[in-house]
Amino acid sequence: MISLYDTARQKVVPLELRDPGKVSIYVCGPTVYAPPHIGHGRMALVYDILRRYLLWSGLDVTFVSNITDIDDNILKRAEEEGRPWDEITVKCEGIWWQGMERINVMRPDLTPHATEYVDGMVDLIGRLIDIDAAYITSDGVYLSVSVVPDYGLLPHQSLDDLVEGAGERELVGIEKRHPADFVLWKLAKEGEPSWPSPWGDGRPGWHTECVVMSLDLLGEGFDLHTGGLDLTFPHHENERAQAVALGHKFANHWMHNGFVELEGEKMSKSLGNVKNLLDLTEQYDQRAYRLLVLQAHYRSPIEITDTSMTQAEASLDRLDTFARRTASLDGVSRPDDIDAFRQAMDDDLNTSGAVDLMFRLVREANTAIDSGDEQAAAGAAATAREMAATLGLEFETSSDDVPAEIQALADQRQAARAAKDFAKSDELRDELAAAGWTVEDSADGPVLRPN
RNA sequence: GCGCGGGUGCCCGAGUGGUCUAAGGGAGCGGCCUGCAAAGCCGUGAUUCGCGGGUUCAAAUCCCGCUCCGCGCUCCA
């Protein structure tokens, strides 16, 4: 079974499954008020890779990722743009899925929307009030964190330290009993969207949304709760606090991915606007970002630069060339290499090690082809392909259809070569290059591909 | 200030006590192949892993101190 670093226990431990053979995963999804940036992209890629690997391992994975479609940021944006809030969420969600598709992230099995779960949230808040874990103020309902004995588990800081660190910031709402108490229900102001509740019309707090959706869809003690590093506190801690206050077992294991760094001087200069995920996929090979994410450990920070993206594209060219050369070979994966792959992935998702194995097989297959050993090449190639597929990396094997005029040029060049008129053949090769096509003289004759 | 990560070759980045004379990718250089290229293959590159101490027969890997970067303590993937 896979082992993963658990934020709560601060070490790599095996992922224990509540139900044998089944994995339940909750990923904190986006708040849809702006287009996804590259940080969202990394988050989605990391858990997509985890999910694909678990599926490949034969596990029955239930992968839930929510859409936060009611939130202060959304209302703020609506106000700024003078548009209805739900127009923004619908539009931004569409863009989100578009971005996910471009980076080849599988759709979650379930995508609960916060607005569809308000009844459940009201119910949960009511129960918290019933046991005095939550209290009503003039602007909403708050959770009393002091009822949670181990509050601070995820950030590994005591309640006192958390409060102290906040410094001069106004953590204490006028009516809050403790500075760290957080809002469960916000009473609506004039003109704000609202849902009915016993404490007045309003909307749920962010932390309440996720705890209700995850428990509703995955049940108590689900296996894995994930998200970006920044969600550890307060978001995840506060979700947990609500569940714990009600005596529910919450997530069994917490996984957080590292950040994408983009404030570097080099970066902002060379990348410009590329903080936006869609822009990134337009400027570079859509697979390049996944490869970069795979080559780093998921908890390490990564820096995305024009250089790193270009390097990833060069690596992809190598992989595509490999795929083209081995497309006609039919082999089966080699168990020893697959075991090594599994071992790497099971070790806290060592994707870099897995990619390493894949590239070694690519070289092995290339070498075997060069020496004419098709059988060895087929085995290595099949193994590399299986690894790539598991990691969500696709190869481009079929080159685009060659236009007739390009083919004609290539034919002329071949005729010139046959006639040993190399000056002419080189001229024609330059012409092809100018038209966007590279010609390679392989053992099987010239091969055309877009350059 | 407190907590959590990270600092490895020209670049990106694995490796967490001996098999490290430190993976893999990219870039460079040399070679094989080729009419020449491209692609592919081979070779080459850190006597060293932020800095300073320490533990050990043995450390990139463990401990202590320092330093730099990021994240959290406030909405945030």
Side-chain angles (χ1 to χ4, degrees), chain A residues 5 7 10 27-31 33-34 36-47 68 71-73 76 152 154-158 160-167 169-171 179-180 206 226-235 237 256-261 263-264 277 291-292 294-297 299-305 307-322 324-325 344 350-360 362-371 417 420-423 425-426 429-430 433 438-443 446-447 449 451:
Chain A
Y5 184 86
T7 307
Q10 295 184 277
V27 180
C28 273
T31 298
Y33 68 100
H37 57 247
I38 59 178
H40 290 111
R42 182 185 193 185
M43 178 277 289
L45 283 166
V46 165
Y47 303 115
T68 297
D71 177 89
D72 288 1
N73 283 315
K76 191 175 156 209
L154 258 21
H156 300 291
Q157 283 203 276
S158 68
D160 287 347
D161 286 342
L162 285 167
V163 171
E164 197 179 317
R169 296 184 202 99
E170 289 184 41
L171 266 182
W206 183 37
T226 73
L229 194 62
D230 56 332
L231 297 188
T232 309
F233 189 88
H235 186 52
E237 185 64 18
H256 295 99
N257 63 281
F259 260 49
V260 177
E261 298 183 1
E263 295 307 317
L277 182 65
L291 184 58
L292 280 181
L294 282 167
Q295 284 180 315
H297 186 86
R299 281 188 283 122
S300 303
I302 57 172
E303 199 172 315
I304 298 303
T305 63
T307 306
S308 61
M309 289 298 287
T310 305
Q311 286 189 1
E313 287 185 321
S315 301
L316 286 166
D317 281 343
R318 176 172 167 78
L319 293 173
D320 288 340
T321 301
F322 152 79
R324 257 183 275 114
R325 297 185 83 194
N350 182 1
T351 53
S352 176
V355 169
D356 171 346
L357 290 165
M358 181 183 71
F359 273 106
R360 287 199 216 191
V362 166
R363 185 170 60 209
E364 204 178 314
N366 280 329
T367 303
I369 288 176
D370 287 347
S371 67
R417 291 184 72 218
K420 302 241 187 275
D421 183 353
F422 296 121
S425 78
D426 287 351
R429 183 166 60 197
D430 289 345
T438 297
V439 59
E440 290 178 7
D441 297 321
S442 75
V447 176
R449 65 182 173 88
N451 59 15

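Letters A, B, ... mirror the listed sequences (proteins, then strands); counts begin at 1. Basis for what follows: all heavy atoms, side chains included, without hydrogens, waters or symmetry-related copies.
Residue-nucleotide stacking is present for A:F259 and B:A77, judged by a side-chain ring centre under 5.5 Å from the six-membered base ring centre and planes under 30° apart.
With sequence neighbours excluded, the residues that form a salt bridge (Lys or Arg N to Asp or Glu O under 4.0 Å) with A:R429 are A:D426. Considering only residues two or more places apart in sequence or on other chains, A:D71 meets the salt bridge (Lys or Arg N to Asp or Glu O under 4.0 Å) condition with none of them. Contacts of A:H235 classified as ring pair (Phe, Tyr, Trp, His ring centres under 6.0 Å), with partners at least two apart in sequence or in another chain: A:W206, A:H207.
Here A:R360 pairs with A:D356 in a salt bridge; the nearest charged N to carboxylate O distance falls below 4.0 Å. Between A:D320 and A:R325 there is no salt bridge, since no side-chain nitrogen of the basic residue lies less than 4.0 Å from a carboxylate oxygen of the acidic one.
Side chain of A:Y47 to main chain of A:G227: a donor-acceptor pair is present (N/O by atom type, distance under 3.5 Å, no hydrogens or angles). Judged purely by atom type and a 3.5 angstrom limit, A:Q157 has no side-chain atom pairing as donor or acceptor with the backbone of A:L162. Listed for the A:H156 side chain is a donor-acceptor partner under 3.5 Å among the backbone atoms of A:T7.
Residue contacts shown for A:S425 include a base, since a base heavy atom lies under 4.0 Å away. Looking at heavy-atom distances under 4.0 Å, A:V439 makes contact with a base. Within 4.0 Å of A:E313, counting heavy atoms only, lies no atom of the nucleic acid at all. Backbone-only engagement by A:R299 is indicated by non-hydrogen atom pairs under 4.0 Å involving sugar-phosphate atoms exclusively.
In terms of heavy-atom proximity, A:V439 sits nearest to A:P446 at CG2-CB, 3.9 Å. Across all their heavy atoms, A:M43 and A:C28 have their closest contact at CE-O, 3.9 Å. Smallest separation of non-hydrogen atoms from A:R299 and A:R42: N-NH2, 4.5 Å. Across all non-hydrogen atoms, the minimal contact from A:L291 to A:A312 is CD2-O, 3.7 Å.
Rounded to a whole angstrom, the distance from the C1' atom of B:G26 to that of B:C69 is 24 Å. Between B:U44 and B:A37, the two C1' atoms lie 23 Å apart (nearest whole Å). B:G7 and B:U61 are spaced 15 Å apart, taking the C1' atom of each and rounding to whole Å. A distance of about 34 Å separates the C1' atoms of B:G28 and B:G18, rounded to the whole Å. Remark: the separation of the C1' atoms in B:U16 and B:C75 is 36 Å, to the nearest Å. Annotation: B:A23 and B:U47 have their P atoms spaced 13 Å apart (nearest Å). Comparing the P positions of B:G72 and B:U21 gives a spacing of 40 Å, expressed to the nearest Å. Rounded to a whole angstrom, the distance from the P atom of B:G6 to that of B:C41 is 34 Å.
Remark: P of B:U8 and NE2 of A:H297 are 17 Å apart, rounded to the nearest angstrom. Between the CD atom of A:E440 and the P atom of B:A37 there is a distance of 15 Å, rounded to whole Å. Here the P atom of nucleotide B:G35 and the CG atom of A:D421 are 15 Å apart, to the nearest Å. Going from atom CG of A:L294 over to atom P of B:G25 covers 15 Å, rounded to whole Å. A:E303 has its CD atom 21 Å from the P atom of B:G26, to the nearest Å. Atom-to-atom, CG of A:L231 to C1' of B:U74 comes out at 14 Å; the value is rounded to the nearest Å. Note: CG (A:L229) to C1' (B:C75) measures 16 Å, nearest angstrom. With rounding to whole Å, A:D160 atom CG is found 15 Å from B:G1 atom C1'.
Proximity of A:N366 to the phosphate of B:C41: a side-chain N or O atom is located under 4.0 Å from OP1 or OP2. Between A:H156 and B:G3, a side-chain N or O to OP1/OP2 separation shorter than 4.0 Å is absent. A:Y5 has no side-chain polar atom (N or O) that falls below the 4.0 Å cut-off from OP1 or OP2 of B:C4.
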**Request:** For RNA chain B, produce a single dot-bracket line, 5' to 3'. Pairs: Watson-Crick or G-U wobble, both distances under 3.5 Å. Symbols: ( ) within strand, [ ] crossing, | other strand, . unpaired.
**Result:** ((((((((.[[[..)..(.....]]].(((((.......))))).....[[[[[..)....]]]]])))))))....
Within the sub-3.5 Å range, which N or O atoms of nucleotides 20-24 of chain B have a protein N or O partner, and how far apart are they?
residue: B:A23; atom: O2'; partner: A:D356; partner atom: OD2; Å: 2.9
residue: B:A23; atom: O2'; partner: A:R360; partner atom: NH2; Å: 2.5
residue: B:A23; atom: N1; partner: A:S352; partner atom: OG; Å: 3.4
residue: B:A23; atom: N3; partner: A:D356; partner atom: OD2; Å: 2.9
residue: B:G24; atom: O4'; partner: A:D356; partner atom: OD1; Å: 3.3

Under 3.5 Å, N/O pairs linking protein and nucleotides 28-32 of chain B:
none

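Interface remark: the A:D426 side chain does form a donor-acceptor pair with the B:G35 base, using a distance-only criterion of under 3.5 Å. Side chain A:Q157 to base B:G72: a donor-acceptor pair is found below 3.5 Å. Below the 3.5 angstrom threshold, one finds a donor paired with an acceptor across the side chain of A:H37 and the base of B:A77. Donor-acceptor pairing under 3.5 Å, judged by distance alone, is absent between the side chain of A:R324 and the base of B:A39. For A:D441 against B:C36, a side-chain-to-base donor-acceptor contact under 3.5 Å is present.
Mapping A:G29 and A:D317 onto RNA chain B via the closest heavy atom, the residue that lands nearer the 5' end is A:D317. Mapped onto RNA chain B by nearest heavy atom, A:P234 and A:Q311 fall at different nucleotides, with A:Q311 at the one closer to the 5' end.
Candidate nucleotides B:G72, B:C42, B:G35 were compared by shortest atom distance to the side chain of A:T367, and B:C42 ranks first. The listed nucleotides are B:C41, B:A14, B:C2; the one nearest the side chain of A:D370 is B:C41. Among the nucleotides B:A77, B:C11, B:G13, the one closest to the side chain of A:A296 is B:G13. In the set B:G40, B:G13, B:C12, B:C12 carries the atom at the smallest distance from any side-chain atom of A:L292. Taking only side-chain atoms of A:N350, from C-beta outward, the nucleotide of B:A77, B:C41, B:G15 with the closest atom is B:G15.
No donor-acceptor contact under 3.5 angstrom links the side chains of A:T310 and A:T307, judged on distance only.
The shortest distance between side-chain heavy atoms of A:S352 and A:L294 does not fall below 4.5 Å. Residues A:R324 and A:T321 meet the side-chain proximity criterion, which asks for heavy atoms closer than 4.5 Å.
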